[in-house]
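Down below is the structure, laid out as structure tokens.
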Amino acid sequence: MRILDKYVLKELLYPFVFGICAFSSIIVCSTMLYRITQYITQYGASVGTVAKLFMYQLPEVVNYTFPMSMLLAALMAFGKLSGSSEIIAMKAGGVSYYRIVAPVMVVGFLVSMFSMVWTEKIVPVSKTRAADILNYEIKNNLKPKGTNHVVIKSVNGNSQSITYAKNFDEEKGEMTGVTVEEFEKGEIVRIETAKKGYWEKGQWRVVDGNVFALNDKEGITSSAKFTEQIIPLNYSPKQISWEQKEPEQMTIAELREYSKILESQHKSSSRQWCEIYMRICIPMASFLFAIIGATMGTQKQRTSNSVGLGIAIIIIFIYYAIMTFTTGLGKGGAIPPLLACSIPNILCLIVGVYLMRQKNA
């Protein structure tokens, strides 16, 4: 059996590597090259800066190619084995079809596990770095010492507040140019301005500022200066940084904690939960595509590599079209995020099991 496993795995290796290179090239050429050209012509970005941006954007592209490559590898490998009647010979030797497909399923599962780690450890960091290069080295031509123009919305019962800071530094736990607008029952009741704010003992304290009380009828009703006071902002410096990040730039742990904060303030967290579930569902597609590819590649007559590539592209297009539609519904709150992200994989699982039983008959 070890000889059989090695033989099947050998047939998988080349098309899998080829798939990663081919599909990555397609995605890069169709989505990234035009934007890179714009950065050079419109912003005068140097070749070195653009090359760095490209390298940091590449991990996300590669992550999407893992399921595609697994599907192509299984299709081509089993197309070759069945075309040369090797699968028939294996069955005649008493080997069940499930046992023949087992090495492909194991490889698909291992690729899925690797993809999960890749998605969690590599992609968020690379996307954050790519965003920094784009925003500060290409568009503004300067590197950030902190975060500029931060806006944080906070809800506490019937009271809401919007805090604006001209500059924010997470490491130091400091803000400058602070403005706080406080609302009650949808009406603004207080505005505070301060030169500086700092995080201390789980609270934000602002110094050297003014506070203005107002209402809709009379406008400003009173004002006062203060040396130091606490503002109604229940976000730590780290949580404020999360507010400025896109969900794709956050780890699962950060997404889970941030989702809880949003839910505690009665805000929608569907987008964050969809991102969490997508970090699992897309990698798991490698395992499911391995099953589908192996069963669809098992034909009575050998098919050419171009036919296998064409079938792979069609299946991938259908999968990602369904995924885009359902996750859009999930992020919008139309259906639960878990269901939205799982539907494409559930369909793949049903198709894979059905085809497996048909081929084993």
Side-chain angles (χ1 to χ4, degrees), residues 1-29 55 58-91 93 95-119 121-123 282-317 319-320 345 348-349 351-352 355-356 359-360:
M1 289 300 178
R2 289 183 179 180
I3 296 175
L4 171 63
D5 294 340
K6 288 180 180 179
Y7 184 69
V8 173
L9 293 176
K10 183 180 178 181
E11 294 295 327
L12 280 172
L13 180 61
Y14 171 75
F16 181 74
V17 175
F18 169 78
I20 291 177
C21 297
F23 289 121
S24 296
S25 299
I26 292 171
I27 296 173
V28 166
C29 292
M55 292 304 296
L58 201 55
E60 182 183 22
V61 173
V62 172
N63 183 62
Y64 279 104
T65 66
F66 286 139
M68 304 177 188
S69 303
M70 195 66 243
L71 174 63
L72 178 64
L75 271 168
M76 294 179 69
F78 273 73
K80 181 179 178 181
L81 292 173
S82 61
S84 56
S85 302
E86 291 178 79
I87 291 181
I88 295 175
M90 293 175 192
K91 285 185 175 181
V95 182
S96 71
Y97 185 74
Y98 294 128
R99 182 62 186 84
I100 298 171
V101 177
V104 183
M105 296 175 64
V106 171
V107 172
F109 181 76
L110 292 176
V111 171
S112 292
M113 295 300 101
F114 177 80
S115 181
M116 285 186 188
V117 176
W118 181 273
T119 304
K121 300 297 183 181
I122 305 298
V123 174
I282 290 180
M284 284 306 300
S286 295
F287 172 70
L288 299 173
F289 278 1
I291 300 173
I292 293 175
T295 52
M296 292 192 71
T298 305
Q299 303 293 335
K300 293 181 179 179
Q301 295 180 344
R302 181 180 177 182
T303 57
S304 67
N305 291 340
S306 59
V307 173
L309 180 60
I311 294 173
I313 291 173
I314 293 171
I315 295 173
I316 290 162
F317 176 79
Y319 176 84
Y320 281 110
N345 283 12
C348 285
L349 179 62
V351 171
L355 291 174
M356 185 82 76
K359 299 298 179 181
N360 189 58

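Partners of S286 according to the side chain to side chain donor-acceptor pair (under 3.5 Å) rule, which considers only residues two or more places apart in sequence or in another chain, do not exist here. In this structure Y98 satisfies the side chain to side chain contact (heavy atoms under 4.5 Å, CB included) test together with S96, M356, R357, N360, sequence neighbours excluded. Residues passing the side chain to side chain contact (heavy atoms under 4.5 Å, CB included) test with M113 are F109, M116, M284, sequence neighbours excluded. Residues passing the side chain to side chain donor-acceptor pair (under 3.5 Å) test with Y64: none are found, sequence neighbours excluded.
No donor-acceptor pair under 3.5 Å is formed between the side chain of S115 and the backbone N or O of S112. Between the K359 side chain and the Y97 main chain, no donor and acceptor come within less than 3.5 Å of each other.
In plain terms, the two heavy atoms of A74 and V104 that are nearest each other are CB-CG1, 4.0 Å. Shown here for P59 and V123, the closest heavy-atom pair between the two residues is O-CG2, 4.0 Å.
M68 pairs with exactly one of I316, I313, I315 by the side chain to side chain contact (heavy atoms under 4.5 Å, CB included) rule, that one being I316.
If you take CD1 on I87 and OG1 on T298, they are separated by 4.0 Å, rounding to the nearest 0.5 Å. How far CG of L75 is from CE of M70: 10.0 Å, rounded to the nearest 0.5 Å.
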Could you give the side-chain donor-acceptor pairs of residues 8-28 under 3.5 Å, partners two or more places apart or in another chain?
from : atom 1 : to  : atom 2 : distance (Å)
E11  : OE1    : K80 : NZ     : 3.3
S24  : OG     : I20 : O      : 2.6
S25  : OG     : C21 : O      : 2.7

Using a 3.5 Å cut-off and no angle test, enumerate the donor-acceptor pairs between side-chain atoms of residues 288-295 and protein atoms at least two apart in sequence or in another chain.
from : atom 1 : to   : atom 2 : distance (Å)
T295 : OG1    : I291 : O      : 2.9
T295 : OG1    : I292 : O      : 3.0

key: Test side chain to side chain contact (heavy atoms under 4.5 Å, CB included) applied to L71 and Y319, step by step   = CA-CA 12 Å; L71 174 63; Y319 176 84; over 6 Å; no
